[in-house]
Every structure is written in C-alpha cells, then in structure tokens.
Amino acid sequence: MALEIGSPAPDFSLPDETGSLVSLASFRGKRVVLYFYPKDDTSGCTIQAKDFSCMVDDFAKEGAVIIGMSPDSVKSHVKFSTKHDLNISLVADEEKTAIQAYGLWIEKSMYGKKYMGVNRSTFLIGTDGKIEAIWTSVSVPGHAEEVLQVLKNSK
C-alpha cells in the first residue's frame, strides 16, 4: 500500500551518525522532515544535505527537526557529516527496512543498466505522526526551501 497524505508515518528505530538510536515515535509532538537519499558524498546528496543543514535553524523556528536517511552505514554517515560539517541527523538504514516501509526501494535505470536504489523523497510528518506532505523523485535544487515554505504555510 502506497503512503499518502494523512497516513500514519511508518515508525523506525535506527542508528544515526553518532551511533544513537533514532525512532520516529520519539519526535511525537514535533514536526519531522524525513528525507531519503541514495548515497553519502555523491553530488546531489551532498548538496541536499548541505542545504538542509544550512537551514536547520529556520526549520527549528517552525518546530521541525530534519532527519536524513540512506542505506549507508553509520561509519559512512560519520565521514560524510564530518567532511561537510553537517548539523542534521543522518540515519543508517543498511537493511532498508524503513526505506521499504516508505515504498522507496525501487528499480532505477542509468545508462541502460537497471539496478535497485532509493527514490529520493521527502516526507513532512505532523506532530500526530501522520504524513502532511510528500515529495517523490525530488529534484535537489531549491528543494529544502520548498519544504520550508510548505512547513510555514501549513501551520
């Protein structure tokens, strides 16, 4: 079943770049920007992480936290976060359980080769744990600003 606006957001409990377990349920009462990205330290993923990181205070003013998630390891997240001085939580979903629960582990194609990967997507999750907005197949430039604008307009 595909997730849609108003659906309960699937919970998860996974390690972040500090090794601490992060669960969606622990943010109940706050709004959460949960974005899924394919791979640490690739061009689009780096731009996206830096954009969200630069705007973390703006999101906090709107009562929202930002969580990035990819199938990369905690070790990879540490290196990525340190290299780019990121100040957002990066969650490691190596088994792809949350990625699959959100319906984002899909067949992709590049240069005629088919492979499985993450559909770059963002979910705005309300204080009640329900999905308020969904962006799929995200184009990175301007995305963080768009999410912030929706957040501001949906109070």
Side-chain angles (χ1 to χ4, degrees), residues 1-10 12 14 16-17 22 24 27 30-73 76-127 129-155:
M1 180 182 107
L3 294 175
E4 52 191 42
I5 292 172
S7 296
F12 56 84
L14 295 165
D16 69 6
E17 77 287 355
V22 173
L24 186 59
F27 292 101
K30 286 191 171 208
R31 294 170 93 191
V32 176
V33 173
L34 176 60
Y35 81 94
F36 294 85
Y37 65 98
K39 184 130 183 71
D40 287 342
D41 220 14
T42 55
S43 60
C45 298
T46 299
I47 292 166
Q48 187 175 26
K50 287 171 84 172
D51 286 352
F52 275 123
S53 203
C54 286
M55 298 174 68
V56 75
D57 291 339
D58 297 316
F59 281 91
K61 284 179 193 165
E62 300 302 321
V65 296
I66 301 167
I67 301 170
M69 185 181 297
S70 82
D72 292 305
S73 67
S76 176
H77 284 342
V78 168
K79 186 176 173 186
F80 181 45
S81 185
T82 302
K83 179 178 179 181
H84 298 287
D85 199 25
L86 303 176
N87 59 355
I88 55 175
S89 183
L90 299 177
V91 174
D93 187 10
E94 292 184 80
E95 302 298 318
K96 302 164 198 75
T97 52
I99 292 167
Q100 289 175 349
Y102 281 81
L104 303 176
W105 189 246
I106 62 166
E107 185 177 89
K108 298 171 109 178
S109 180
M110 186 184 292
Y111 307 120
K113 286 191 169 212
K114 294 192 182 300
Y115 63 97
M116 296 300 288
V118 174
N119 180 6
R120 185 187 309 274
S121 300
T122 302
F123 293 80
L124 175 57
I125 301 165
T127 56
K130 292 186 179 173
I131 298 170
E132 293 183 3
I134 303 171
W135 294 263
T136 56
S137 303
V138 165
S139 176
V140 172
H143 178 64
E145 291 87 353
E146 180 184 350
V147 174
L148 180 61
Q149 200 57 51
V150 168
L151 188 63
K152 285 180 175 183
N153 294 337
S154 64
K155 278 187 168 177

If you compare all heavy atoms of [X] against all heavy atoms of [Y], which two are closest, and at what distance to 0.1 Å?
X    : Y    : answer
S70  : P38  : CB-O, 4.2 Å
I88  : Y35  : CD1-OH, 3.4 Å
I134 : L3   : CD1-O, 3.7 Å
S81  : L90  : CB-CD1, 4.2 Å
S154 : E132 : OG-OE1, 4.0 Å
D93  : A98  : OD2-N, 2.9 Å

* Asked: Is there a donor-acceptor pair under 3.5 Å between the side chain of H77 and the backbone N or O of V91?
  -> yes
* Is the backbone of N119 close enough, under 3.5 Å, to the side chain of S121 for a donor and an acceptor to pair up by distance? -> yes
Check whether any side-chain heavy atom of [X] lies under 4.5 Å from a side-chain heavy atom of [Y], and answer yes or no.
X   : Y   : value
D40 : C45 : no
F80 : L86 : yes
H84 : T46 : yes
V65 : S89 : no

What distance separates [X] [atom1] from [Y] [atom2], expressed to the nearest 0.5 Å?
X    : Y    : atom1 : atom2 : value
L151 : D58  : CG    : CG    : 10.0 Å
M116 : K108 : CE    : NZ    : 10.0 Å
K30  : L24  : NZ    : CG    : 13.0 Å
K50  : M55  : NZ    : CE    : 15.0 Å
E4   : K130 : CD    : NZ    : 12.0 Å
I125 : I67  : CD1   : CD1   : 7.5 Å

* To do: Go through F12 and T97 one step at a time and tell me if the side-chain contact (heavy atoms from CB on, under 4.5 Å) criterion holds.
  => CA-CA 8 Å; F12 56 84; T97 52; over 6 Å; no
* To do: Would you please name every residue forming a side chain to side chain donor-acceptor pair (under 3.5 Å) with S53, sequence neighbours left out?
  => N87
* Indicate the ring-plane relationship of Y102 and F123, choosing parallel, tilted or perpendicular according to the 30° and 60° boundaries. => perpendicular
* Who pairs with V138 by side chain to side chain contact (heavy atoms under 4.5 Å, CB included), at least two apart in sequence or on another chain? -> Q48, R120, T122, W135, H143
* To do: Decide side-chain contact (heavy atoms from CB on, under 4.5 Å) for V147 and F59; before the verdict, give the C-alpha distance in whole Å, the side-chain angles of both, and the deciding distance to 0.1 Å.
  => CA-CA 9 Å; V147 174; F59 281 91; 3.8 Å; yes
* Does K79 come within less than 4.0 Å of D41, counting only side-chain N to carboxylate O? -> no
* To do: Please indicate whether K96 has more than 12 foreign heavy atoms, meaning atoms of other residues, nucleotides or ligands, lying under 6.0 Å from its NZ.
  => yes
